[in-house]
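These notes are about the structure you will find just below.
In this text the structure is predicted, and so the values were computed from the model without any measurement.
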Amino acid sequence: YETAVCEQYIEKTVRVKLAEGDTIYSIFATTPSPVPMPFPERLAKFYELNPHLQKQRFIAGELIDVPIVEKRENRCKQ
């Protein structure tokens, strides 16, 4: 049998401490996902992880979770 490299994507979160003046754009820019995610998908996941931020401004010093996707390579049978 032959082995091939199979890609597996894993959703993770990164905990970020908000700074004064942070926006969703600055947070995503300073915490890039190793595997690019479409902005609408990442934004939806962000609000799923931080539902209170849908109706609240960002508060400096608050800890939030930012979604990222990483790629893990496996050996798999073909």
Side-chain angles (χ1 to χ4, degrees):
Y1 68 89
E2 288 185 37
T3 57
V5 176
C6 295
E7 295 176 347
Q8 183 179 26
Y9 297 98
I10 301 164
E11 287 187 2
K12 292 189 171 187
T13 59
V14 176
R15 178 124 319 164
V16 174
K17 186 175 184 178
L18 293 174
E20 190 68 40
D22 269 343
T23 66
I24 194 69
Y25 300 105
S26 67
I27 292 165
F28 285 0
T30 57
T31 316
S33 181
V35 175
M37 296 174 70
F39 182 79
E41 182 181 317
R42 194 171 189 203
L43 187 62
K45 187 69 175 174
F46 175 84
Y47 284 122
E48 191 178 302
L49 295 167
N50 306 283
H52 63 287
L53 293 177
Q54 291 181 14
K55 297 182 180 184
Q56 172 186 312
R57 299 183 327 169
F58 291 164
I59 299 170
E62 181 178 3
L63 294 175
I64 60 166
D65 293 318
V66 179
I68 63 169
V69 175
E70 292 183 341
K71 181 170 50 172
R72 179 186 301 168
E73 291 184 358
N74 289 355
R75 297 274 176 208
C76 62
K77 294 181 182 179
Q78 205 173 18

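- I64 and I59 fall into different hydrophobic clusters, where Ile, Leu, Val, Met, Phe, Trp and Tyr residues are linked whenever their side-chain heavy atoms come under 4.5 Å apart, directly or through other members.
- Taking OG1 of T13 as the reference point, atom CG of N50 lies at 9.0 Å (rounded to 0.5 Å).
- Annotation for R57: atom CZ does not count as buried by contact number, only 12 or fewer foreign heavy atoms lying within 6.0 Å.
- Proximity of a side-chain donor or acceptor of D22 to a complementary backbone N or O of A60 within less than 3.5 Å is not detected.
- Counting only heavy atoms from C-beta outward, the side chains of L18 and I27 approach each other to under 4.5 Å.
- For the side chain to side chain contact (heavy atoms under 4.5 Å, CB included) test with D65, the passing option among V16, V14, L49 is L49; the others fail.
- Checking side-chain atoms of T31 against main-chain N and O of F28 turns up no donor-acceptor pair under 3.5 Å.
- The 12-atom threshold is exceeded at CD of Q54, counting heavy atoms of other residues, nucleotides or ligands nearer than 6.0 Å.
- Scanning both residues, P34 and E70, for their nearest heavy atoms gives CG-CG, 3.9 Å.
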Original post:
So F39 and Y25, ring-ring contact (aromatic ring centres under 6.0 Å, His included) or not? Walk me through it.
Top reply: CA-CA 10 Å; F39 182 79; Y25 300 105; 5.5 Å; yes

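- Distance check: E62 CD to Q56 CD gives 5.5 Å after rounding to the nearest 0.5 Å.
- Minimum interatomic distance between P67 and K45 (heavy atoms only, all atoms of both residues): CB-CG, 3.5 Å.
- Looking at every heavy atom in both residues, L53 comes nearest to F58 through CD1-CE2, 3.6 Å.
- Residues meeting the side-chain contact (heavy atoms from CB on, under 4.5 Å) test with P36, sequence neighbours left out: none.
- Listed by chain and residue number, Y9, E11, S33, V35, M37 satisfy the side-chain contact (heavy atoms from CB on, under 4.5 Å) test with V69 (two or more places apart in sequence, or in another chain).
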